[in-house]
Engineer: 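Next up is a structure, given as structure tokens.
What you see below is based on every heavy atom in this structure, not just the backbone, and it leaves out hydrogens, waters and symmetry mates. Lettering of chains follows the sequences in order, A, B, ..., and the numbering in each one begins at 1. All figures in this text were calculated on a predicted structure; none of them were measured in a lab.
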2 protein chains.
Amino acid sequence: MPSGAQKRQPKYQRIAAALKEAIAAGQYGPGDRLPGESELMGTYGVARMTARQAFAALQAEGLVEARKGAGVFVREFKVGLRRRGIQRLAVEVWGAGGSIWAADGHGRDPQVEFLGVSEKPAPAAVAAALGLPAGAIVRVRRRRFLLDAKPVMVATSYLDAALTAGTAIAEPDSGPGGIYARLADLGRKPVRFREEVRSRMPTPEEADGLGLTSGTPVVLVCRTAFTADGHAVEVNEMTLDASAYVLEYEFDAP
Amino acid sequence: MPSGAQKRQPKYQRIAAALKEAIAAGQYGPGDRLPGESELMGTYGVARMTARQAFAALQAEGLVEARKGAGVFVREFKVGLRRRGIQRLAVEVWGAGGSIWAADGHGRDPQVEFLGVSEKPAPAAVAAALGLPAGAIVRVRRRRFLLDAKPVMVATSYLDAALTAGTAIAEPDSGPGGIYARLADLGRKPVRFREEVRSRMPTPEEADGLGLTSGTPVVLVCRTAFTADGHAVEVNEMTLDASAYVLEYEFDAP
DNA sequence: AAGTGGTCTAGACCACCAC
DNA sequence: TGGTGGTCTAGACCACTTG
């Protein structure tokens, strides 16, 4: 150890940095178990809470994952779900080549779980986006996307309840081509889309619903679909496990 | 206190939930100071570390911000920097000598801080994306974007060093229209773009460079620019303060 | 059954901020 | 200067996972 160590750095940060370095050096690979709290106490001669703080720092960074009763493990990023916003709408692809982040994902098992349709008063922002009066009734469709039986996304779709009454959009199975085909049947074919992308830490409820370990943000994608005459017909709010997705947008210079 | 309270929920979570509820109810607004650790100790009859854990939970959620020596405050989200992935790259914008960054800010004070140009061996992924042999030398331009004197983004641009030698791209000031205009001068006008978007928690270095408070993720945007003949001429890796940005992509159905 | 992380207590000294 | 959060100690009991 270099003698020039800065005394100003807290012990837990030095321990965290040492662990991080060991991980970066490949001494611990994805899925490997790190030395436990009691082992760190002995190795560094610190109290237990100090060792825990070191782990907490690594967890907050998303590098490490603690499993009750088992140990602390280097996180493995199964990642590589690639969501193309433009070429094909809401189509999940994996293993697409030619990109910066290599995505290996063969033999994955994607599923869609239907969570229900209902009618509710529109949230203010949704009503505004759809051009409906405040408090108008909207149809709400909720779905959850799973990869290898693990949830990676929750999507909530909002549509004018009056417009879609009596159509397959009000049913669990929206039929071949999905709700966009049904909207086309109604003469409201979506031809233009806007997606707004944000990221933040999940609420405890979101973390629970997506099975997120701490240190994992969510990505929020809000897609609005417009008809040729410029009217919004659908708002779709998606909450993604940030560690599972790469969003891709490809376009020409206008 | 209701007698039906679940005993299974840890104290710190109950305290955190109570504070969260008070914030949601408007009892504490953005920027307001919350009751301090010692006050929580008295109110709930807990040890200091328990009160701290409650705050830690809210910090991890990005709801709250602790300031040394001052207190714990409800975070204020000044947010709303809107980055348009498609329209912003319009030829009219950079072709006319205007700054792309100017399309971002609205009435506030945007600044670009130049961090340097250099030549380095390309990271493997960058070399592959640019179609260069492994270890080829690339020109690296680093910039930091500030809004109201606070950093919100760091951008690192990679270009073929041989191609750009002797041009303004190798200089701190890349001239009117920026590097895209210079690439056009070289007969390598970018006409197509791909952006890949990810999000994760920042490394300590990134958090430091962007002045992020804990509980704030970063958004990574990797843009690749292609010429008309399909060759990649630039890779630009951007690291954004997730709490400051909304990315927007608007496009027609294929 | 042994070991692990999760929760909790009751102290301590420090650096920093506001008054 | 007094109060704040940041760091650290040395114990304790618990629920959980694993062998």
Engineer: Taking the minimum atom-to-atom distance to the side chain of B:T50, which one of D:dG5, C:dC17, C:dC8 wins?
Structural biologist: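 The answer is C:dC8.
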
Engineer: Check this for me: does any side-chain nitrogen of one of B:E248 and B:R83 sit under 4.0 Å from a carboxylate oxygen of the other?
Structural biologist: no

Engineer: Toward the 5' end of DNA chain C, which comes first, A:R33 or B:A47, by nearest nucleotide?
Structural biologist: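 Result of the comparison: A:R33.
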
Engineer: Specify the separation, in whole Å, of atom CZ of A:R14 and atom P of D:dC8.
Structural biologist: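 Distance, rounded to whole Å: 10 Å.
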
Engineer: Verify the contact: side-chain N or O of A:R52 to OP1 or OP2 of C:dG6, cut-off strictly under 4.0 Å; return yes or no.
Structural biologist: yes

Engineer: Taking the side chain of A:A70 as its heavy atoms from C-beta onward, which of C:dT7, C:dC17, D:dT17 lies nearest to it?
Structural biologist: D:dT17

Engineer: Distance alone, cut at 3.5 Å: any donor-acceptor contact between the side chains of A:S157 and A:E234?
Structural biologist: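 Yes.
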
Engineer: When you check the gap from the basic side-chain N to the acidic O, do A:E61 and B:R200 get nearer than 4.0 Å?
Structural biologist: no

Engineer: Of the listed nucleotides (D:dG6, C:dT7, C:dG6), which one gets closest to any side-chain atom of B:A66?
Structural biologist: D:dG6

Engineer: Please determine, for the side chain of B:R48, which listed nucleotide (C:dC13, D:dT4, D:dT9) has the closest atom?
Structural biologist: C:dC13

Engineer: Between B:E37 (CD) and C:dC8 (P), how many Å, whole number?
Structural biologist: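 Distance, rounded to whole Å: 16 Å.
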
Engineer: Please give, in whole Å, the distance from D:dG6 P to B:M49 CE?
Structural biologist: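 Interatomic distance, CE of B:M49 to P of D:dG6: 11 Å.
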
Engineer: B:F55 CZ to D:dG6 P: how many Å, rounded?
Structural biologist: 10 Å

Engineer: D:dT17 P sits how many Å from A:F73 CZ, rounded?
Structural biologist: 12 Å

Engineer: Could you check whether B:Y12 gets within reach of a base, just the sugar-phosphate, or nothing at all, counting any heavy atom under 4.0 Å?
Structural biologist: sugar-phosphate

Engineer: Measure NZ/A:K11 against P/C:dC14 and give the value in whole Å, please.
Structural biologist: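 Rounded to whole Å, this separation is 14 Å.
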
Engineer: Does the structure place the NZ or CZ of A:R198 under 6.0 Å from the centre of the six-membered ring of B:Y245, at an angle of no more than 45° from the ring's axis?
Structural biologist: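 Not satisfied by the 6.0 Å and 45° rule.
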
Engineer: Under a 3.5 Å cut-off for both distances, is D:dC14 Watson-Crick or wobble paired, and to whom?
Structural biologist: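 Result: C:dG5.
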
Engineer: Within this structure, what is the CG-to-P distance between A:L40 and D:dA10, rounded to whole angstrom?
Structural biologist: 16 Å

Engineer: How long is the line joining NZ of A:K68 and P of D:dC16, in whole Å?
Structural biologist: 5 Å

Engineer: Would you kindly say whether A:R75 and A:T216 are connected by a side-chain donor-acceptor distance under 3.5 Å?
Structural biologist: yes

Engineer: Determine: side-chain N/O of B:S38 to OP1/OP2 of D:dT4, distance under 4.0 Å, yes or no.
Structural biologist: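 So the side-chain polar atoms of B:S38 do come within 4.0 Å of the phosphate oxygens OP1 or OP2 of D:dT4, strictly under.
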
